[in-house]
2 protein chains.
Amino acid sequence: MANTSSRTLRLLSLLQARRYWPGAELAQRLQVSARTLRRDIDRLRELGYPVEAQRGVDGGYQLAAGAALPPLVVDDEEAVALAIGLRAAAQDAGEGIAEATVRALAKVVQVMPGRLRRRVEALSAMTVPAGWGGAGGGGLDPALLTQLAVACRDSERLRFSYTAADGRHTERQVEPHRLVALRRRWYLVGYDLTRHDWRSFRLDRLSSARGTGTRFRPRELPAADAAAFVRAGIDQARVGHEVEAIVDAPGATVRQRIGRWSTVEDADDQRCRVRMSVDDLDWAVMALVTLDADFQVVSPAELLDRIHDWGHRLGRVRPAGPAPGASNGPVSTKF
Amino acid sequence: MANTSSRTLRLLSLLQARRYWPGAELAQRLQVSARTLRRDIDRLRELGYPVEAQRGVDGGYQLAAGAALPPLVVDDEEAVALAIGLRAAAQDAGEGIAEATVRALAKVVQVMPGRLRRRVEALSAMTVPAGWGGAGGGGLDPALLTQLAVACRDSERLRFSYTAADGRHTERQVEPHRLVALRRRWYLVGYDLTRHDWRSFRLDRLSSARGTGTRFRPRELPAADAAAFVRAGIDQARVGHEVEAIVDAPGATVRQRIGRWSTVEDADDQRCRVRMSVDDLDWAVMALVTLDADFQVVSPAELLDRIHDWGHRLGRVRPAGPAPGASNGPVSTKF
DNA sequence: GCGGTAGCGGCCACTTTCTGACCTCAATAG
DNA sequence: CTATTGAGGTCAGAAAGTGGCCGCTACCGC
């Protein structure tokens, strides 16, 4: 701990933990003279981390936002929070930052001591599954996502079992290349060693993955990028529903509420046209109903059925009569 | 860049970015001899970050999970992903890690260059607000959360305007102490300088906060911890809705779907009793309707009204007639 | 089992940096 | 104005970092 670089790191972490530090206190904590502290501060500044200083009574140092990101020194709890947040974010990240999210997740998880990893597992078990646990949508296992992200990063071969679209289970051995989020789904792009070709795998159809422990030299993907590869694959096997509806509310309002998942076009001042791609029609119904406005369905017809189905179900809800089951029922799960 | 400590930092970042590195490549990247690299690796190990090495052909170094967390070296995109993930996580974090989440958020945001901060703002504008953008639920402004977290951390006085429960606006000057998440809501605990007493403030009633620039010496909170303080305050002014319903579906099924937010008691084989506390009735409606089963409402009566309201709205949805706005409308927002 | 590869670490000589002490100066708040 | 606190120069001794060399050991493929 008497080292210079370790001290520099500690200084950085102190400056990150609290904004203002009187120089004397820092010097005392780092067990060096005030002069050396000043030199350490200089070192940080030379490294590109702008440390600002206030002179005079009650002065001190503070770490400001600079051109580059300093290494983040986080404590245990913060690391757990990071992992949880990233896991949740990965579930429905926009296509733009999804990759960065898993990259960061892999980074954090990789260096996290085992005890923290266990805490993350425990905590995220009680977290909301993907997109509201919607009726049909199989939740994505966040641990799987992490595992695959690490395997991609480290170029480690994987074995897993995969359930193809036709329902057949197969065992695969794959060189993982990249994770791709597309249309609210995750795909693993990799080189299938038994098929001797590139494939993309939907994460929700993939299970019991484990690394083989062998590393490989990354191959070159025969596509512009991984996202393009996946897109090419799923375009020929379309699935899901294209929803279109006219909503009796201003486009701006609608955009604010559900613009994230849909394309909103202004029709006139009071109406707009909403388009979205969903896997599950219930999802579309929820999106539309939360708008608190009337709407008309353009397509598909099934959506209208579904909506009326919901309407009926909700319409026939009645106050509960005499208690049907004694309220002293034995089984109860909290949370 | 020729510095030893900066090189150590760079080495750490390289080891975090990819798992396996051949020693020769690392040495070349860091512009040092292999011998010095080995010494650098040693240095890291002495600092407590376990670097493992593989000998022999195809050997190399890898950063393993150790006892302590090394400083995270993240790139720009990853930092943005971190901030986005943490913001989202803060919105509905469990009470246990909520505080760590904002702490981490403050840490990340504090050192983030302005350009990244702007990207975060832009991106999180298109992110789902708290709990599905539920109709009534005032979304929490994530920027506010960040701002307050930083102010708490840095012991900086705040001014803001506050709308009390009775609807009266007041201007407050406060020494922020801690942020607390309780029952899916955020509170700021602080010492109110005009009232000369400790208060807790609901974040969704707090607006136009700005730091005064003056720091203060933290006072001691007259309570076990900040959460206890808030709890004591809100227990005397309960709010929200206690929902109870009988669902015509087995308890196990229901528990799997919405057990996270509710208490489910088995009534008999085919029915169960669901209880939940919600701020917003729409939220309860959504939870119940996604169960895909009939149900009866025990309480409150308003819930029944709301359900029937939804039922009517959904019931009168019709297919769209002739296109109301030309589909070549100029304004279109994707994403 | 054998040879090649690649990490391990001791040793040495040389160079560079670091450190604390002492000094003067500069900004800031009361 | 004055006390406080950071900025920074200089100096000498101490400590480190560095590269080159060495023999050693673990591991892999043949």
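First the proteins, then the strands, lettered A, B, ... as listed; each starts at 1.
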Looking only at N and O atoms, is any donor in the side chain of B/Arg43 or the base of D/dG17 less than 3.5 Å from an acceptor on the other one?
-> no
Residue from B/Arg35, B/Arg45, B/Arg29, B/Arg7 passing salt bridge (Lys or Arg N to Asp or Glu O under 4.0 Å) with B/Asp40 | B/Arg7
Roughly, in whole Å, what's the span from CZ in B/Arg55 to P in C/dG3?
-> 20 Å
OP1, OP2 of D/dG17 versus side-chain N and O of B/Thr4: anything below 4.0 Å?
-> no
D/dG8 base / A/Arg38 side chain donor-acceptor hit below 3.5 Å | yes
Does D/dA7 have OP1 or OP2 sitting under 4.0 Å from an N or O in the side chain of A/Tyr61?
-> yes
Hey, are B/Asp197 and B/Arg195 close enough for a salt bridge, meaning a charged N less than 4.0 Å from a carboxylate O?
-> no
To the side chain of A/Arg45, which of C/dC18, D/dA3, D/dA7 is closest?
-> D/dA7
Does the D/dT18 base have a donor-acceptor partner in the side chain of B/Arg35 within less than 3.5 Å?
-> no
Taking for A/Asp42 and for B/Gln54 the nucleotide of DNA chain D with the nearest heavy atom, the one nearer the 5' end belongs to A/Asp42
Is there side-chain contact between B/Tyr49 and A/Val111, with heavy atoms separated by less than 4.5 Å?
-> no
Would you mind telling me which residue lines up with the more 5' stretch of DNA chain D, A/Glu52 or A/Arg39, judged by nearest nucleotide?
-> A/Glu52
Below 4.5 Å, heavy atoms only, C-beta onward: do A/Glu78 and B/Lys107 meet side chain to side chain?
-> yes
